[in-house]
Amino acid sequence: MSVEVERKFVCDAGMWKRLEEIGAVCIGQREIHDQYFDTPDFELTLRDTWLRKREDSWELKCPPAVGKTQETSGEGLEEASLCSRYKEITSLPEIQSRVKEVLKHCAGGKPGGPEGVGDSWPGELNLRCFAEFTTARRSFTLQEEGVQIDLDQADFGYTVGEIEVLVQEGEEVGSALEKIERAARRLGLTRNLRVEGKMDVYLQRFCPEHYVKLQRAHIL
Ligand SMILES: Cc1ncc(C[n+]2csc(CCOP(=O)(O)OP(=O)(O)OP(=O)(O)O)c2C)c(N)n1
Ligand SMILES: [Mg+2]
């Protein structure tokens, strides 16, 4: 199981030129349509668990198991505070099992179900789509740093970049943080505070109650 270590950055007009100057290679451009699901009481996202249907595939992003992938040794603390780490599960049976597990511990959790493999299963768990948007994503690799860089333009008018490294769950993240820090430096990223992701901006604009609850729970 891989864990995605990523740092978001503000994507200004000069970013394209800087990517070219440092030898980043464009590996593709695609449109991504995402639908995110949760219960009416936001029981998944309040546990930092993000269920989405990306194009025709289900995906679940959740914090990695406690251990090396989550901890950070002293020297990487500053970079670590700028990076997020999420396990990305793509096996539908595992997604359904994990979602049921999370909801079982909630007040309104319903045991049992889902059995369906079509798209009825979220409804059986009282999960509804709370966010839906399309992103134009242009991806680059920075070979010598071993990182991928995505430039995202969301259809609701927000642009953000991400430097991303995949590590195996349970592995040290120190080297991933160093790769991200080197790439950030080469891109001329100053020591900035946490940069808002697409979901932060989407919820602030279209689901303010949900956003406030996630902020109060220190999820966003
Ligand atoms: C910096 C940061 N990012 C996300 C979260 C939590 N979160 C909010 S929405 C969310 C799910 C979407 O993650 P994000 O990387 O923002 O979207 P996207 O880039 O389209 O997904 P990818 O293609 O990388 O899989 C998470 C994990 C957080 N607490 N802090
Ligand atoms: Mg991302």
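Basis for what follows: all heavy atoms, side chains included, without hydrogens, waters or symmetry-related copies. Start at 1 and go down the list; that is how both ligands and their atoms are numbered. Counting from 1, the numbers follow the sequence of the chain as shown.
- You'll find the ring centres of F133 and Y202 inside the 6.0 Å limit.
- With hydrogens left out, the protein atom closest to atom 6 (C) of ligand 1 is Y86 OH, 3.3 Å, a heavy atom.
- Around the Mg ion (ligand 2), the protein contributes the following N, O or S atoms at distances under 2.8 Å: E6 OE1, E6 OE2, E162 OE1, E162 OE2.
- Every atom of ligand 1 with a heavy atom of L220 under 4.0 Å away is listed here by number and element: 8 (C).
- By the 6.0 Å contact criterion, CD on E132 is enclosed, its count of non-hydrogen atoms from other residues, nucleotides or ligands being greater than 12.
- In summary, the atoms of ligand 1 found under 4.0 Å from a heavy atom of E88, numbered by their order in the structure, are 25 (O).
- Judged by the shortest distance from any of its heavy atoms, I219 lies inside the 4.0 Å radius around the atoms of ligand 1.
- When the options K198, K8, M199, R7 are ranked by their closest heavy atom to atom 16 (O) of ligand 1, first place goes to K8.
- Among protein heavy atoms, the minimum distance from atom 8 (C) of ligand 1 is reached at W50 CZ2, 3.4 Å.
- One hydrophobic cluster holds both F206 and W50 under the rule that ILVMFWY side chains link at heavy-atom gaps under 4.5 Å.
- Contacts of E59 with ligand 1, taken as heavy-atom pairs under 4.0 Å, are absent altogether.
- Using modelled atom types, one finds a donor on one side chain and an acceptor on the other under 3.5 Å when comparing D150 with S139.
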*Y86 vs D48, side-chain hydrogen bond (donor to acceptor under 3.5 Å, both in side chains): CA-CA, chis, key distance, verdict*: CA-CA 9 Å; Y86 283 91; D48 209 8; 2.7 Å; yes

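- In this structure, R137 counts as a contact residue of ligand 1, since one of its heavy atoms falls inside 4.0 Å of the ligand.
- The closest approach between any non-hydrogen atom of E196 and ligand 1 is not below 4.0 Å.
- Between E162 and Q148, the side chains place no donor N or O within less than 3.5 Å of an acceptor N or O (distance only, hydrogens not considered).
- Atom CZ of F42 and atom CD of E209 lie 4.5 Å apart (nearest 0.5 Å).
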